[in-house]
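Step one of this worksheet: look at the structure below.
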Amino acid sequence: MAPPPPAQLVRLRVNGEHRTLQIEPWVSLLDVLRDRLNLTGTKKGCDHGQCGACTVLIDGERMLSCLTLGVMRDGCEVTTVEGLAHLHATTVEDESTARDVAMPADTAQGVLQAPQERHEVHALHPLQKAFMQHDAFQCGYCTPGQLCSAVGLIREGEAQTVDEVRELMSGNLCRCGAYPLITAAVCQVALGLQGDAAASRTAHEPVVTGTVPA
């Protein structure tokens, strides 16, 4: 019997931190995150790419971590639910830098000296806040995948209506059936619907009983 292939050196940037690991060729990225890096926010549901609980962002795109091998992602940027606040903080800092470049020097200096301008750096991601506001979870097991998928959906920029949000989030299952509240939370951030408008917005296409709701 031939010996198994040796572990390979893999370098990842996970939630803003550089990590170097020895990974066997058969180990999924999901198992790397949970078992090697102790990032257990990413959940193992079906382990067959059918439930969406293991969704993470790889180089900004939402992907199922149970269907990709760790060695395939050498050099990639991986963001899990634990890193969404960091992702938002990086975006806030980038926007602040862009504003500083456009400001006169004396104005920019005044902004940088004001401590209240940096209080958002460690804030939750807007989607995390929206999920809390709309109570868009019950047991919470699917929530990390729902959040990462929604971040990817917003970056893709293809969802322009409630129906499109439902369709493009349909790969993430919620066995508790919190779909209306999940949709409301995502629509609040993705479509700019606020408060009751996000919760009460009616989609044009009905959910057909027996299919995967979204």
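Quick caveat, the model's predicted, so the values are computed rather than measured.
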Do [X] and [Y] have side-chain heavy atoms sitting under 4.5 Å apart?
X	Y	result
Gln188	Gln133	yes
Cys142	Arg175	no
Leu84	Leu127	no
Ser65	Thr42	yes
Ser28	Asp31	yes
Phe131	Val186	yes
Cys174	Ile182	yes

Distance-only, no hydrogens or angles: does the [X] side chain make a donor-acceptor pair with backbone N or O of [Y] under 3.5 Å?
X	Y	answer
Gln50	Asp47	no
Asn15	Thr80	yes
Ser149	Gln146	no
Tyr141	Ala53	no

Leu21: which other cluster members, linking ILVMFWY side chains closer than 4.5 Å, directly or transitively? Val10, Leu12, Val14, Ile23, Trp26, Val27, Leu29, Val32, Leu33, Leu37, Leu39, Val56, Ile58, Met63, Leu69, Val71, Met72, Val78
Taking the hydrophobic residues Ile, Leu, Val, Met, Phe, Trp and Tyr, and joining any pair whose side-chain heavy atoms are under 4.5 Å apart, which ones share a cluster with Leu64? Leu67
Checking Glu158 now: which residues fulfil side-chain hydrogen bond (donor to acceptor under 3.5 Å, both in side chains) with it, not counting sequence neighbours? none
Excluding sequence neighbours, so at least two apart, what forms side-chain hydrogen bond (donor to acceptor under 3.5 Å, both in side chains) with Arg19? none
Write out all pairs satisfying salt bridge (Lys or Arg N to Asp or Glu O under 4.0 Å) with one or both partners inside residues 49-73, taking only residues at least two apart or from two chains. Arg62-Glu156
Which salt bridge (Lys or Arg N to Asp or Glu O under 4.0 Å) pairs, counting each pair once, include a residue from residues 1-13, with sequence neighbours left out? Arg13-Glu77
Pair Val151-His125, side-chain contact (heavy atoms from CB on, under 4.5 Å): steps then yes or no: CA-CA 9 Å; Val151 172; His125 191 281; 3.9 Å; yes
Could you tell me whether Asp163 and Arg166 make a salt bridge, using a distance below 4.0 angstrom between a side-chain N and a carboxylate O? yes
